[in-house]
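Just so you know, residue 1 is the first one in the sequence shown, and it goes up from there. First listed ligand is number 1; within each ligand, the first listed atom is number 1.
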Amino acid sequence: MEMKVAPSVLACDFSKMGEEILKVNEAKADMIHLDVMDGNFVPNISFGPAVIKSIRKYTDILFDVHLMIQEPKRYINDYVKAGAENITFHVEAEYDVKGTIEDIKNQNVKASLSVRPKTPIEAVFPYLDDIFMVLIMTVEPGFGGQSFMPDMMEKVKKLRAEIDRRNLDVLIQVDGGINIETSKVAKEAGVDVCVAGTALFGAESMTDAVKDMQNI
Ligand code: DX5
Ligand code: ZN
């Protein structure tokens, strides 16, 4: 099966974000990954709903919002209004995981969960019946341009086995240090969706780079 590819705009040139989104559009990426950071859950600040809303008009590609923020439940409405079609939040960041998933889905938006490298994958097992995707971080969240952690593939394999055992169709996504080489490793482990920032926005041709990754 083809790998789904989600360029992460964290690596784009923010002074011309509209044009950068058009590149992703032209490349026929499967999703567009939007990293929201609060300087609290992660030691960095990126952008919020106003920026997401302003680029919504440049593409119809699925807006995959990755919330790296503490207490995401308080902010779900803002990201729905901004045009999110999937909202991923971290199990480590929210006390009311089930309620947050419900709040997202009640607004007809897909809900997904993420785990940091140190969090065991079993943390998402109780929610697998209710979510669209699991994002397994392959770097410590907070910054682009870090190196892929190959030992995270054990978590991918465990999750793949659990999804198959329960006959679910939850997608497995990885994020951090993904390039053409590491996306191959991810595919072998059972990943469905690769997020990549540096490798895609840094490529000479985004269209070729996305196509290569989709066909690895
Ligand atoms: C990191 C973010 C990633 C980041 C990936 O916390 O969640 O989405 O943009 O960047 P690269 O692909 O450069 O590692
Ligand atoms: Zn991300």
Side-chain angles (χ1 to χ4, degrees), residues 3-14 17 20-21 23-24 27 29-49 51-52 55 61-70 72 75 79 82 84-93 110-119 124 131-153 155-156 171-187 191-204 206 209-210 212-214 216:
M3 176 66 79
K4 290 183 174 38
V5 174
S8 167
V9 304
L10 194 65
C12 85
D13 180 343
F14 287 114
M17 236 176 151
E20 296 279 72
I21 304 303
K23 271 203 242 168
V24 179
D30 300 279
M31 303 179 185
I32 180 153
H33 188 81
L34 299 148
D35 289 304
V36 176
M37 305 180 183
D38 66 352
N40 185 16
F41 181 70
V42 290
N44 193 11
I45 295 177
S46 57
F47 48 79
V51 170
I52 294 176
I55 55 174
I61 291 179
L62 188 140
F63 264 28
D64 171 33
V65 174
H66 177 196
L67 296 181
M68 286 163 274
I69 65 174
Q70 211 58 54
Y75 300 95
Y79 290 95
E85 290 167 280
N86 172 66
I87 298 180
T88 299
F89 65 97
H90 277 260
V91 279
E92 308 91 352
K110 297 179 200 312
S112 302
L113 280 175
S114 183
V115 285
R116 317 180 75 123
K118 286 193 186 76
T119 304
V124 303
I131 58 176
F132 171 61
M133 187 162 73
V134 175
L135 166 54
I136 297 180
M137 290 305 299
T138 43
V139 297
E140 214 32 86
F143 300 91
Q146 304 182 76
S147 299
F148 177 78
M149 299 165 80
D151 44 331
M152 293 302 117
M153 294 307 100
K155 278 155 73 165
V156 171
L171 296 175
I172 306 180
Q173 186 181 51
V174 285
D175 181 10
I178 299 292
N179 53 37
I180 201 72
E181 297 310 320
T182 54
S183 64
K184 274 182 202 149
V185 177
K187 186 175 187 172
V191 166
D192 304 293
V193 189
C194 276
V195 175
T198 315
L200 298 179
F201 279 96
E204 219 164 283
M206 159 92 67
V210 166
D212 287 350
M213 204 175 274
Q214 284 169 332
I216 43 134

Check whether any N or O atom of [X], backbone or side chain, sits under 3.5 Å from an N or O atom of ligand 1, and answer yes or no.
{"X": "Gly145", "answer": "yes"}
{"X": "Gly197", "answer": "yes"}
{"X": "Thr198", "answer": "yes"}

For the side chain of [X] and the backbone of [Y], is there at least one donor-acceptor N/O pair under 3.5 Å apart?
{"X": "Ser46", "Y": "Asp35", "answer": "yes"}
{"X": "Ser112", "Y": "Ile87", "answer": "no"}
{"X": "Asp30", "Y": "Val193", "answer": "no"}

Which of the numbered atoms in ligand 1 are below 4.0 angstrom from a heavy atom of [X]?
{"X": "Pro141", "answer": "6 (O)"}
{"X": "His66", "answer": "7 (O)"}
{"X": "Asp35", "answer": "2 (C), 3 (C), 4 (C), 7 (O), 8 (O), 9 (O)"}
{"X": "Gly144", "answer": "10 (O), 13 (O)"}
{"X": "Ala196", "answer": "12 (O)"}
{"X": "His33", "answer": "8 (O)"}
{"X": "Ser8", "answer": "4 (C), 8 (O), 9 (O)"}
{"X": "Gly176", "answer": "14 (O)"}

What protein heavy atom sits nearest [atom], and how far away is it?
{"atom": "atom 5 (C) of ligand 1", "value": "Asp175 OD1, 3.5 Å"}
{"atom": "atom 6 (O) of ligand 1", "value": "Gly142 N, 2.8 Å"}
{"atom": "atom 14 (O) of ligand 1", "value": "Gly177 N, 2.8 Å"}

Practice prompt. Could you pull out all residues at least two apart from Lys4 that satisfy salt bridge (charged side-chain N to carboxylate O under 4.0 Å, His left out)?
Written response: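 So Lys4 forms no salt bridge (charged side-chain N to carboxylate O under 4.0 Å, His left out) with any residue.
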Worksheet entry | Asn86 and Thr88: CA distance, side-chain angles, deciding distance, side-chain hydrogen bond (donor to acceptor under 3.5 Å, both in side chains) verdict | CA-CA 7 Å; Asn86 172 66; Thr88 299; 3.0 Å; yes
Worksheet item: Out of Phe143, Phe148, Phe201, whose heavy atom is nearest to atom 1 (C) of ligand 1?
Response: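 Nearest option to atom 1 (C) of ligand 1, by heavy atoms: Phe143.
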Discussion item. For Leu10, which part has a heavy atom under 4.0 Å from ligand 1: side chain, backbone, both, or neither?
Written reply: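 Side chain only.
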Worksheet item: Heavy-atom contact under 4.0 Å between Ala199 and ligand 1?
Response: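 No; Ala199 lies far enough from ligand 1 that no heavy-atom distance drops under 4.0 Å.
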Worksheet item: Are Met137 and ligand 1 in contact, using a heavy-atom cut-off of under 4.0 Å?
Response: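 The answer is yes, since Met137 has a heavy atom less than 4.0 Å from ligand 1.
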Fill in: Separation between NZ of Lys184 and CG of Asn179, rounded to the nearest 0.5 Å
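Here the rounded value is 9.5 Å.
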Fill in: Stepwise side-chain hydrogen bond (donor to acceptor under 3.5 Å, both in side chains) check, Asp64 with His66
CA-CA 6 Å; Asp64 171 33; His66 177 196; over 6 Å; no
Item to complete: Would you sort out whether Glu140 and Arg116 count as a salt bridge (Lys or Arg N to Asp or Glu O under 4.0 Å), showing the intermediate values?
Response: CA-CA 6 Å; Glu140 214 32 86; Arg116 317 180 75 123; 3.2 Å; yes
Discussion item. A quick test of your reading: do over 12 heavy atoms of other residues, nucleotides or ligands sit less than 6.0 Å from NZ of Lys110?
Written reply: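 No, the 6.0 Å shell around NZ holds no more than 12 heavy atoms from other groups.
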Worksheet item: Aromatic rings His90 and Phe41: how do their planes relate, parallel, tilted or perpendicular, breaks at 30° and 60°?
Response: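 Judged by the thresholds at 30° and 60°, the geometry between His90 and Phe41 is tilted.
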Worksheet item: How many protein atoms of type N/O/S are positioned less than 2.8 Å from the Zn ion (ligand 2)?
Response: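 Protein heteroatoms (N, O, S) closer than 2.8 Å to the Zn ion (ligand 2) number 4.
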